[in-house]
Structures are given as structure tokens and as C-alpha cells.
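To keep things clear, I will list the structure first and then write my remarks on it.
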Amino acid sequence: MERLTRAEEPIMKIIWDKGDVFVKEIVEELAEETPYNTVSSLVRILENKGMVGHRAFGRTHQYFPVIRRSEYRKHMLKNMITDYFDGSYKGLLSQILEDEEVSEKEVSELKKLINSEL
């Protein structure tokens, strides 16, 4: 599974959120104005990557996610842990806990979550 580019991410998020969607609907949902042809090209790239599929309605295509968001997240997290934390989930969690932007409440919730899973 390939990593989404910065340009592909917002489009894929819309496809995950909406399910079946036409390019016109994606264009309407994007925060920044992006030309229809650009979005159409990016959707076709996502299709070539195996991330989305389509149903044809004459000359119009309706796109849908092939890969679930949870599958993508799991794959990307595993790659990040392998690439940046030498495969250590403990290393990742240590980094999270050391991060000054993580509130004490979030740390407490993480501890509860870990204890409940054991």
C-alpha cells in the first residue's frame, strides 16, 4: 500500500467520509478551491494505486473507497514504527508520553487504555 501524497490525502478523506462520491462532490467539499480537472486526475491516480474503485454511469464515474481508513492507518502506523522507532511500540509510546503537547488528562487516558487491554 502506497502512502498518500499531500494532494491525495484530503481527497481520500472525503471519499472515506462520503463513501460513493462523484468528482464534482469532492470539488465542492474541498476547503481550498481546486480545479475539477486536478481533482479528477488525483482520483484516477488513487484508483491506479488501488485505493478507490469506480462505477460508470455513461461518461460519469462514481468513486468509492477500496481500502478502509482503518486499514490505511494501521499500515502507515506500522511503517512509521518500523522506520522511526526500530519496530518498537514502546519507543513510540515513550515519545508520545514525553511530548510536551500531550496533556496530563490524555496521558491518564492512555494509561487507562493500556491497563484495560492487558
Side-chain angles (χ1 to χ4, degrees):
M1 185 180 311
E2 292 183 54
R3 182 182 178 97
L4 296 171
T5 66
R6 286 183 193 247
E8 295 165 348
E9 279 182 5
I11 292 169
M12 196 64 214
K13 286 178 182 177
I14 291 168
I15 295 171
W16 277 322
D17 289 343
K18 293 212 168 263
D20 297 341
V21 65
F22 294 96
V23 171
K24 180 182 177 190
E25 295 171 303
I26 297 170
V27 171
E28 291 169 357
E29 288 288 321
L30 288 171
E32 297 178 19
E33 284 190 33
T34 308
Y36 181 95
N37 290 340
T38 302
V39 174
S40 181
S41 294
L42 288 167
V43 171
R44 284 194 305 276
I45 291 168
L46 289 169
E47 188 171 22
N48 290 334
K49 286 183 171 184
M51 300 293 289
V52 302
H54 78 270
R55 290 179 200 87
F57 296 94
R59 295 179 58 199
T60 304
H61 292 114
Q62 184 180 48
Y63 295 92
F64 57 89
V66 172
I67 302 295
R68 290 190 316 267
R69 187 187 316 234
S70 61
E71 290 176 80
Y72 181 75
R73 283 179 180 165
K74 184 177 182 178
H75 183 77
M76 289 300 113
L77 180 61
K78 188 172 184 174
N79 284 347
M80 184 183 70
I81 291 168
T82 300
D83 294 346
Y84 298 103
F85 297 97
D86 299 322
S88 169
Y89 286 83
K90 178 183 173 191
L92 171 66
L93 188 56
S94 293
Q95 181 66 47
I96 291 169
L97 294 174
E98 290 173 12
D99 190 335
E100 294 175 6
E101 293 180 24
V102 179
S103 70
E104 287 184 36
K105 180 181 178 189
E106 288 175 310
V107 170
S108 177
E109 290 171 356
L110 283 170
K111 287 178 183 178
K112 286 178 187 176
L113 183 62
I114 290 169
N115 288 331
S116 70
E117 297 294 322
L118 297 180

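- The other residues sharing a hydrophobic cluster with Phe64 are Val66, where clustering joins ILVMFWY side chains under 4.5 Å apart.
- When every heavy atom of Glu106 is checked against every heavy atom of Glu101, the shortest pair comes out as OE1-O, 4.2 Å.
- With sequence neighbours left out, Lys74 forms a side-chain contact (heavy atoms from CB on, under 4.5 Å) with no residue at all.
- For the pair Leu113 and Glu109, the minimum side-chain heavy-atom distance is 4.5 Å or more.
- Here the closest non-hydrogen pair linking Asp20 and Glu25 is O-OE1, 4.4 Å.
- Hydrophobic clustering (side-chain heavy atoms under 4.5 Å, transitive across Ile, Leu, Val, Met, Phe, Trp, Tyr) keeps Met80 apart from Met76.
- By the side-chain contact (heavy atoms from CB on, under 4.5 Å) test, Glu9 pairs with Leu4, sequence neighbours left out.
- Glu47 contributes atom CD, which lies 11.5 Å from atom CD1 of Ile45 (distance to the nearest 0.5 angstrom).
- Ile67 and Leu77 fall into different hydrophobic clusters, defined by Ile, Leu, Val, Met, Phe, Trp and Tyr side-chain heavy atoms under 4.5 Å apart, directly or through other members.
- Under the 4.5 Å side-chain contact rule for hydrophobic residues, Met1 and Tyr84 do not share a cluster.
- The salt bridge (Lys or Arg N to Asp or Glu O under 4.0 Å) contacts involving residues 79-90 comprise nothing, where partners must be two or more places apart or lie in separate chains.
- Using bins of under 30°, 30° to 60° and over 60° for the plane-to-plane angle, the ring pair His54/Tyr63 lands in the tilted bin.
- Contact between Val23 and Val43 at its shortest, heavy atoms only, is CG2-CG2, 4.5 Å.
- Remark: Lys105 NZ to Leu110 CG distance equals 12.0 Å, nearest 0.5 Å.
- Residues Lys49 and Thr5 approach most closely at NZ-CG2, 4.2 Å, considering heavy atoms.
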Pairs of donor and acceptor atoms involving the side chains of residues 26-40, under 3.5 Å and at least two apart or interchain, shall be tabulated with distances.
{"unit_1": "Thr34", "atom_1": "OG1", "unit_2": "Glu32", "atom_2": "O", "d": "3.3"}
{"unit_1": "Ser40", "atom_1": "OG", "unit_2": "Arg44", "atom_2": "NH1", "d": "2.6"}

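- Taking each heavy atom of Pro65 and Gly19 in turn, the nearest pair found is CD-O, 3.5 Å.
- Applying the ring-ring contact (aromatic ring centres under 6.0 Å, His included) definition to pairs two or more places apart or across chains, those involving residues 3-33 are Trp16-Tyr72.
- Nearest heavy-atom pair across Arg69 and Lys13 is NH2-O, 3.9 Å.
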